[in-house]
Structures are given as structure tokens and as C-alpha cells.
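Encoded as C-alpha cells, the structure appears first; notes follow it.
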Amino acid sequence: MIALPDPRYALLDEPTPLQRLARLERALGRSGLFVKRDDQMPIALGGNKLRSLEFWLGRALEEGADIALVAGGPNSNMCRLTAAAAAMAELDCIVFHNADSTPESRRMSFLNQVFGAEVRYLGEMDETLRAAEMERAASALRVGGRRPHIVGDPIIGALGYVRAAAELARQNEDLGGPIRHVFMPGSMGPTEAGFIFGNAVLGYPFEVHLVSVEYGRDELDDRIARILRGLASHTGLLTAGVDATHQQYHMDHLGAGYDQPTAAAEAAILRFARTEGVLLEHTYTAKTFAAFLDLAAAGGPPPEEGMCAIHTGGLPALFSQFDRFATRSAEAG
Ligand SMILES: Cc1ncc(COP(=O)(O)O)c(C=O)c1O
């Protein structure tokens with residue numbers, strides 16, 4: 001375990017399952033294929049942001065906050081998980097969507113209300129304007145005597161995956177160390193930067209493979225580097241920097257960009273569903289697992305070096321992705 005001084009509001013008592021992909025191993029003719037099931041958590045259908053929320057809420061409670069504010073699209077996993085975790089921590093919660101209130105967006109956001117959050121629709125706007133709107137709402141709450149905490153600091157959020165790296169390293173050791181390569185989505189940065197930092201603190205038990213699902217390589221690299229520097233100054237660990245030779249970028253599954261489906265992602269969804277009963281969604285996990293499948297089949301790590309994909313969750317989105325499936329028209333009409 002890596003000692004972190006930050007307050008942590010414990011949401012996860014047990015490690016998430018590390019599952020061997022035995023059927024896929026047989027189909028691809030190689031062993032040592034695993035998935036780390038961060039979609040299998042006991043709260044709100046799970047997902048990566050729950051690990052970050054342990055530290056975001058730890059900070060909020062330490063500051064004496066009484067209401068959590070969070071922003072994202074109507075389908076946002078971070079919003080859903082914040083609504084659930086805030087309710088558990090007995091904090092009120094307001095969810096801000098940079099979207100119009102339409103029947104579709106209200107359906108996607110419905111679980112936030114189930115968890116008791118107030119949902120506010122800001123209309124279509126970019127993330128900078130959305131953040132300004134949330135700041136404005138926080139000021140208004142303060143004037144009214146409330147103590148709001150805006151959830152989402154990338155450095156604090158990354159601490160969750162510093163812990164996750166240690167958790168996976170321990171599980172791997174328990175199995176005799178079959179895993180050398182870990183695959184995860186490359187997106188806004190906290191999840192992957194936290195994992196890279198934890199991996200470095202542990203002495204690089206893993207090679208980390210980032211499958212970009214949102215940005216070009218330079219921007220993804222910049223985001224990660226910024227969070228890694230922030231983690232070093234925040235924790236006092238690795239102040240000499242992280243050895244970047246243990247991280248690799250995979251850009252060939254981004255397709256037309258963030259949230260845009262690709263044929264390989266759809267094929268990965270169907271393959272994992274039909275071999276292992278594991279569900280993926282188009283935005284984050286399907287592209288990551290498509291890269292994992294490609295490299296497990298050919299041109300990737302040598303067969304004696306095991307591979308593990310981190311399933312970061314996000315499954316509720318799948319229920320609104322029906323129209324993205326070419327398979328739907330081919331097979332279901
Ligand atoms: C399911 C899922 N996976 C991966 C990510 C990417 O995480 P990060 O923003 O920390 O890069 C997200 C972000 O919301 C997500 O919801």
C-alpha cells in the first residue's frame with residue numbers, strides 16, 4: 001500500500017475483482033489475459049470515479065462542506081457516482097449539465113435524481129463556461145449560508161488510482177506476477193495519471209498502455225504530465241519525476257473523436273459480451289478493450305508477458321447507445 005496523508009471517505013472496502021479471461025485466452029491462443037473489474041463495485045453500478053470520490057469527499061468533509069457540486073453531461077458517470085456517494089456521506093448534491101433539458105437528457109440523468117441530487121440544466125456550453133456557472137452557483141450558495149464543495153480537482157481525484165495501482169500490484173503478486181501490461185482509457189487524465197504515478201512509486205511493476213478516447217497525443221501527454229507534477233508536489237513523492245518509458249500511447253482507436261463509435265469498438269463490445277459475458281460501452285471501455293484485443297492477437301507484448309485491461313465502468317451509457325450499433329440494423333432490424 002502507498003501511504004497517502006489525504007483524508008479518505010471510504011466507499012470501497014474490498015479490492016475489485018481481477019478476472020482471468022480464460023475463454024478469450026483459448027480463442028486467441030495466448031495465456032495471461034485479465035480484466036480488472038472496476039465496474040464491479042458495490043455502489044451505483046461502479047466505475048473509476050468512485051475511487052476518486054473517496055478522496056474528493058474526504059476533502060469536502062474535512063472542509064466542513066454541506067453540499068457537493070458536480071458538472072458533466074447528462075450521461076456522466078462522474079455525476080451519477082457523485083450523487084450516490086454524496087447521499088451516502090449525508091451531503092446535499094447539485095448536478096449541473098451543460099445540456100438542454102430534453103426528454104432524452106432527462107432520461108439519461110434520471111439516476112442522479114434517484115440518488116436525491118438536484119439537477120440543473122445549463123444549456124449547451126463548453127467546459128470552461130460550465131465551470132464558471134458552477135462557481136457562480138457556489139458563490140450564491142455561500143451567500144445563502146451553505147458550505148459548497150466543487151467536486152473534480154484532478155490531483156485529488158488522481159489519488160484514487162494511485163491506490164488502485166497498489167491494489168492491482170498486490171493482486172498480481174498473489175497470483176505469482178503474471179501481469180506486465182495494463183491497458184486503460186486515456187481521457188481527461190486523473191485516472192491514468194494516478195495509476196502511472198502509483199506504478200512509479202511501486203518501482204514500475206507494470207507497463208501502462210493508454211488508449212486515447214478523447215484527445216490527440218500531445219494534449220493527452222500534457223494533461224498527464226501536469227497531473228503527475230501536481231501529484232509529486234502534493235504527496236512529496238517522486239519529486240525527481242516519473243520515468244515516461246513505462247507508459248505507451250495508443251492513438252489508433254480514437255476514430256472520429258470522443259464519443260464517436262468505431263467498428264473496432266463495436267466488435268470489442270460484441271466479442272467480450274459473447275465470450276466472457278462482460279459488458280462494455282462505446283465511449284471509454286470499448287475502444288480500450290479493442291486496443292487490448294488487437295495487441296493480444298498480434299504485434300503486442302510477447303505471449304509470456306500478461307496483459308490486463310482496466311474496466312473503468314460507465315455501463316449505464318450503454319442503454320442509450322442503441323443507435324450506434326451497426327449490428328442493430330444487421331441483426332435486429
Ligand atoms: C467509464 C469511464 N472510464 C474512463 C474515464 C476517463 O477517466 P479520466 O477522466 O480520469 O481520464 C471516464 C471519465 O469520466 C469514465 O466515465
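In each ligand, atom 1 is the first atom listed, and ligand 1 is the first ligand listed.
Judged by distance alone, the side chains of H149 and D66 never bring a donor and an acceptor atom under 3.5 Å apart. Looking at K36 and T16, their side chains do bring a donor and an acceptor atom within 3.5 Å of each other. The closest side-chain donor-acceptor pair between D100 and T102, if any, does not fall under 3.5 angstrom.
Neither the backbone nor the side chain of M78 comes within contact range of ligand 1; no heavy atom lies under 4.0 Å. Contacts of E281 with ligand 1, taken as heavy-atom pairs under 4.0 Å, are absent altogether.
When only interatomic distances are considered, the shortest N/O to N/O separation between M188 and ligand 1 falls below 3.5 Å. Taking only nitrogen or oxygen atoms, main chain and side chain alike, G189 reaches within less than 3.5 Å of ligand 1.
Using a 4.0 Å cut-off to heavy atoms of G314, the atoms of ligand 1 that qualify are 1 (C). Those atoms of ligand 1 with a heavy atom of G313 less than 4.0 angstrom away are 1 (C). Atoms of ligand 1 found under 4.0 Å from any heavy atom of E192, numbered from 1 in the order shown, are 8 (P), 10 (O), 11 (O). Residue S187 approaches ligand 1 through these ligand atoms, each under 4.0 Å from one of its heavy atoms: 6 (C), 11 (O).
Within 6.0 Å of CD in E104 there are 12 or fewer heavy atoms belonging to other residues, nucleotides or ligands.
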With side-chain contact (heavy atoms from CB on, under 4.5 Å) as the test, would you mind laying out the steps for E133 and F96 before giving the verdict? CA-CA 9 Å; E133 287 291 335; F96 296 85; 5.7 Å; no
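For M184, the closest heavy-atom approach to ligand 1 does not fall below 4.0 Å.
In this structure, D259 pairs ionically with R324, as a charged nitrogen and a carboxylate oxygen lie closer than 4.0 Å. A salt bridge between R170 and E173 is absent, with no side-chain N of the basic residue lying under 4.0 Å from a carboxylate O of the acidic one.
T191 OG1, 2.6 Å is the protein heavy atom nearest to atom 10 (O) of ligand 1. Distance from atom 3 (N) of ligand 1 to its nearest protein heavy atom, with residue and atom name: T312 OG1, 2.6 Å.
Annotation: cation-pi pair R180/F206 absent, no NZ/CZ under 6.0 Å from the ring centroid and within 45° of its normal.
Comparing L315, N48, N77 by heavy-atom distance to atom 4 (C) of ligand 1, the nearest is N48.
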